[in-house]
2 protein chains.
Amino acid sequence: MSLRHAILVLLQDEEASGYDLAREFANSIGLVWNATHQQIYLELGKLNEQNMVHYRHVPQDGKPDKKLYRITDEGRQELVRWLRRPAAPARVRDAFMVKVAGAALADPETLLGELDQLVQQRKERLANFEAEARKLERQSEGNSRFQHLTLRRGILDQEAWLAWAEEVREVLEDTLSHQH
Amino acid sequence: MSLRHAILVLLQDEEASGYDLAREFANSIGLVWNATHQQIYLELGKLNEQNMVHYRHVPQDGKPDKKLYRITDEGRQELVRWLRRPAAPARVRDAFMVKVAGAALADPETLLGELDQLVQQRKERLANFEAEARKLERQSEGNSRFQHLTLRRGILDQEAWLAWAEEVREVLEDTLSHQH
DNA sequence: ATCCTCATGTAAGACGTTACATGATTTA
DNA sequence: TAAATCATGTAACGTCTTACATGAGGAT
């Protein structure tokens, strides 16, 4: 279980609300570890009980109040302990890839449509990562180097996926032309 | 839930036991969708109850008996229905990546050691995928093209990961040299 | 008017992991 | 002699998703 550790990593450099964290999980870090707001609020509750994070209540007007969390010494110690232990093997659930493997039974046109949508999404994500990476390169302070590596992973991953998508497109278009 | 669909895709071309499927999930398709034998046996039980697969009991000597499963027409129909619906978004749980993001608090030497191990694993996987891909290229029949695409995804993914790992190594080695 | 963003949460149920159980044969 | 391979399963527990709930302010 390292949702807690992903949260602690994010809280290393910044105070954040559950909502803030959920946004980060949906964007940058989401490629690597994803979580919905329900999971995050639950985990923040547990981390707070265990004194690994603390929060201050921030009233706002026009908007709902929020809780800004920050990591505690105990939380930092837990992170250090976890960093020393070998990481659990990566897990993936990519339903679109399962579809491509089973594409012999699929309608090529429908799959091509879905492929186009995913290509669009991936291109947008790539552009976001590249913009974020450029920002970080400008400021180049100490521990931003590791955040930069995370973005580099995102960039290389999108590029590899897009290259693969072109191969898929060729095969699907070829299948289509042989059907008519 | 598409563990069931991943299983049905694998059973499209071949009769297989739960054990056989578990091996495939540990290797080729595992990059895309992973599952342990417990999950697979459970799901095969459900698929059988719902008449999406059938099995025949095969006694063996020297080895335990096995059940060889094959997909039914109903199973194939379910697969076709699923292939038409948009795929669920991909989910990832990559603890090592979380570690890199939090590497500011980590011991660079320990992380480098873990990186080396993962590089080894990925290189072996890459070699396996490339060998499998060459086999498929030789026989080039109808629906092996989609299996080939799955392998291509695996290959591109390993290559991208290995390229990224070199960037990580540089940063970690640099961190190390500035510590002394 | 309707949807999106901000902001937090609960609860039920589905899904997944870890541990346990068995037992013959082959390889190191 | 110990560990791995083949082969199937159950039970307990932990994690994750889906649905529900609230409510103001801003954008379309």
Side-chain angles (χ1 to χ4, degrees), chain A residues 1-7 15-27 29-30 32-50 53 55-69 82 85-95 98, chain B residues 1-7 15-27 29-30 32-50 53 55-69 82 85-95 98:
Chain A
M1 202 265 293
S2 37
L3 170 58
R4 61 190 311 116
H5 303 110
I7 290 174
E15 208 178 22
S17 68
Y19 194 83
D20 294 333
L21 293 173
R23 239 197 287 91
E24 292 191 63
F25 273 103
N27 302 324
I29 202 141
V32 149
W33 198 282
N34 41 20
T36 57
H37 78 271
Q38 294 89 339
Q39 263 175 286
I40 292 164
Y41 285 124
L42 206 82
E43 197 61 45
L44 281 172
K46 286 184 203 164
L47 284 167
N48 184 54
E49 271 175 42
Q50 294 163 31
V53 299
Y55 70 86
R56 57 193 180 96
H57 199 261
V58 179
Q60 300 186 114
D61 49 71
K63 292 177 185 180
D65 296 359
K66 61 177 166 181
K67 295 175 177 175
L68 283 181
Y69 289 85
W82 178 74
R85 291 200 302 269
R91 279 175 292 160
V92 187
R93 300 281 131 120
D94 190 336
V98 175
Chain B
M1 202 267 292
S2 37
L3 170 58
R4 59 190 313 116
H5 303 110
I7 290 173
E15 209 179 21
S17 69
Y19 193 83
D20 294 333
L21 293 173
R23 239 198 288 92
E24 292 192 63
F25 272 103
N27 301 323
I29 203 140
V32 148
W33 198 281
N34 41 18
T36 57
H37 78 270
Q38 295 89 339
Q39 262 176 289
I40 291 164
Y41 286 122
L42 206 83
E43 197 61 44
L44 281 172
K46 285 185 203 162
L47 284 168
N48 183 53
E49 271 175 42
Q50 294 165 30
V53 298
Y55 70 87
R56 58 193 179 97
H57 198 262
V58 179
Q60 299 187 113
D61 49 71
K63 293 176 185 180
D65 297 358
K66 62 177 165 180
K67 295 176 178 176
L68 283 181
Y69 289 86
W82 178 73
R85 294 201 300 270
R91 277 175 293 161
V92 187
R93 298 286 129 121
D94 190 335
V98 175

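Just so it is clear, the values below take in all heavy atoms, side chains as well, and ignore hydrogens, waters and symmetry mates. To find a chain, count down the sequence lines: A is the first, B the second, and so on, and within it residues start at 1.
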Can you measure [X] atom [atom1] to [N] atom [atom2] for me and round it to whole angstrom units?
X	N	atom1	atom2	result
A:N34	D:dT17	CG	P	7 Å
B:L3	C:dA14	CG	P	16 Å
B:H5	C:dC15	NE2	C1'	15 Å
B:I40	D:dT8	CD1	P	11 Å
A:Y41	D:dC16	OH	P	18 Å
B:L68	D:dA7	CG	C1'	11 Å
A:Q39	C:dA12	CD	C1'	16 Å
B:L44	D:dA7	CG	P	14 Å

Here's a test of your reading of the structure: between A:D65 and B:A35, which maps to the more 5' nucleotide of DNA chain C?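 It is A:D65 whose nearest nucleotide is closer to the 5' end.
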
Heavy atoms only, 4.0 Å cut-off, all strands: where does A:Q60 land among base, sugar-phosphate and nothing?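 Counting heavy atoms under 4.0 Å across all strands, the contact made by A:Q60 is with sugar-phosphate only.
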
Sugar-phosphate only, base, or nothing, as touched by B:R4 at under 4.0 Å among non-hydrogen atoms: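 The answer is nothing, as B:R4 stays clear of every strand by at least 4.0 Å.
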
Out of [options], whichever nucleotide has its closest atom nearest the side chain of [X]:
X	options	value
A:T36	C:dT17, D:dT17, C:dT8	D:dT17
A:K46	D:dC16, D:dT15, D:dT8	D:dT15
B:Q38	C:dA7, D:dC6, D:dG9	D:dG9
A:K63	D:dC16, C:dA7, C:dT17	C:dA7
B:Y69	C:dA7, D:dG9, D:dT17	D:dG9
A:R23	C:dT8, D:dT8, C:dC6	C:dC6
B:Y19	C:dT8, C:dA19, D:dC6	D:dC6

At their closest point, which heavy atom of A:Q60 faces which heavy atom of A:D65, and how far apart are they?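 Smallest heavy-atom distance, with atoms named: N-OD1, 3.4 Å.
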
Respond yes when some side-chain nitrogen or oxygen of A:R93 is under 4.0 Å from OP1 or OP2 of D:dC16, and no when none is.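 No, A:R93 has no side-chain N/O under 4.0 Å of OP1/OP2 on D:dC16.
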
Is the side chain of [X] donor-acceptor paired with the backbone N or O of [Y] at a distance under 3.5 Å, no angle test?
X	Y	value
B:D20	B:S17	yes
A:R93	B:N34	yes
B:R4	B:L44	no

Mind checking whether B:Y69 and B:Y55 have parallel, tilted or perpendicular rings, split at 30° and 60°?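 Because their plane-to-plane angle lies in the 30° to 60° range, the rings of B:Y69 and B:Y55 count as tilted.
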
Closest nucleotide of DNA chain D for B:H37 versus for A:M1: which of these residues is on the 5' side?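 Nearest-nucleotide comparison on DNA chain D picks B:H37.
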
Which residue, A:W33 or A:G62, contacts DNA chain D at a nucleotide closer to its 5' end, judged by nearest heavy atom?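 Checking each residue's closest nucleotide, the 5'-ward one belongs to A:W33.
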
If you define the side chain from C-beta out and look only at heavy atoms, does anything of A:K46 sit under 4.5 Å from A:E43?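 Touching, per the 4.5 Å side-chain cut-off.
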
